[in-house]
Amino acid sequence: MACIFCRIVAGEIPAKKVLETDAALAFEDLAPQAPTHVLVIPKRHVESVGGLGDEDAALSGKLLLAARDVARAKKLTDFRVVANSGAGAGQSVFHLHLHVLGGRPFDWPPG
Ligand code: 5GP
Ligand code: ZN
């Protein structure tokens, strides 16, 4: 299995798990960009937001709710949820993930 996040789901690569649901896994980012930086991924391989199908409506909602629950678990009232879709937008791992970032101020618009 080549996909690094599928390997994390399979337990082949260790990760610091934050929470797990039937459809999603949340774990600490290896190179945090903020005091809290957690990745929320679907357990099933989906390449990106752009790769979601219409049949993935329930999955998409579950991912967003998992991001909410990460923020609650980390006691964040203010936080940012980011999904880079495509290399030109900064995606480097091609298994859909939501970045949940918090614990510091964020600029808007982002760089
Ligand atoms: P992207 O650039 O695709 O939006 O974000 C990929 C994120 O995955 C980066 O923030 C990077 O630090 C993180 N990452 C890459 N490989 C690993 C890994 O093996 N374990 C964990 N926990 N995070 C990873
Ligand atoms: Zn994958």
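On a predicted model such as this, the values are computed, not experimentally measured, just so you know. Indexing begins at 1, ligand by ligand and atom by atom, following the structure's order.
Closest to atom 22 (N) of ligand 1, if we only count protein heavy atoms, is Glu28 O, 2.9 Å. Nearest to atom 15 (C) of ligand 1 among the protein's heavy atoms is Val93 CG2, 4.0 Å. Nearest to atom 24 (C) of ligand 1 among the protein's heavy atoms is Leu30 CB, 3.8 Å. At the top of the distance list for atom 3 (O) of ligand 1, counting protein heavy atoms only, stands Ser92 N, 2.7 Å. Distance from atom 9 (C) of ligand 1 to its nearest protein heavy atom, with residue and atom name: Asp29 OD2, 3.4 Å.
The closest approach between a heavy atom of His97 and any atom of ligand 1 is below 4.0 Å. Distances from ligand 1 to the non-hydrogen atoms of Gly90 include at least one value under 4.0 Å. Put simply, no part of Phe94 is less than 4.0 Å from ligand 1, judged by heavy atoms. By the 4.0 Å heavy-atom criterion, Lys16 is excluded from the residues contacting ligand 1. Ligand 1 lies within reach of Leu39, whose nearest heavy atom is under 4.0 Å from it.
The pair Lys17-Glu28 does not count as a salt bridge, with every side-chain nitrogen at least 4.0 angstrom from each carboxylate oxygen. A salt bridge links Asp22 with Lys62: at least one charged nitrogen is closer than 4.0 Å to a carboxylate oxygen.
At a heavy-atom distance under 4.0 Å, only side-chain atoms of Asn84, from C-beta outward, approach ligand 1. Within the 4.0 Å heavy-atom criterion, the part of Ile4 lying near ligand 1 is the side chain and not the backbone.
In this structure, the side-chain hydrogen bond (donor to acceptor under 3.5 Å, both in side chains) partners of His37, at least two apart in sequence or on a different chain, are Asp29, His99.
For ligand 1, the polar-atom distance check against Ile13 finds no nitrogen or oxygen pair separated by under 3.5 Å.
Less than 2.8 Å away from the Zn ion (ligand 2), the protein contributes these N/O/S atoms: Cys3 SG, Cys6 SG, His45 ND1, His95 ND1.
By the 4.5 Å heavy-atom criterion applied to side chains, Glu47 and Ser85 are not counted as neighbours. In this structure the side chain of Ile41 never reaches within 4.5 angstrom of the side chain of Leu96, judged on heavy atoms. Residues Phe106 and Arg80 meet the side-chain proximity criterion, which asks for heavy atoms closer than 4.5 Å. Using a 4.5 Å heavy-atom threshold, the side chains of Val18 and Val40 count as separate. At least one side-chain heavy atom of Leu101 sits less than 4.5 Å from a side-chain heavy atom of Gln33. Within the 4.5 Å cutoff, the side chain of Gln91 has no heavy atoms near those of the Val93 side chain.
The shortest non-hydrogen separation linking Arg44 to Asp56 is NH2-OD1, 2.5 Å. The minimum heavy-atom distance linking Ala24 with Ala66 is given by the pair CB-CB, 4.1 Å. Residues Pro42 and Val9 share a closest heavy-atom pair of O-CG2, 4.5 Å. Counting all heavy atoms, side chain and backbone alike, Val38 lies closest to Ala26 at CG1-CB, 3.9 Å.
In summary, the atoms of ligand 1 found under 4.0 Å from a heavy atom of Phe5, numbered by their order in the structure, are 8 (O). Listed by number with element, the atoms of ligand 1 under 4.0 angstrom from any heavy atom of Ala31 are 12 (O). The atoms of ligand 1 that sit less than 4.0 Å from any heavy atom of Phe27 are 21 (C), 22 (N).
Interatomic distance, CZ of Phe79 versus OG1 of Thr36, reported as 11.0 Å (0.5 Å rounding).
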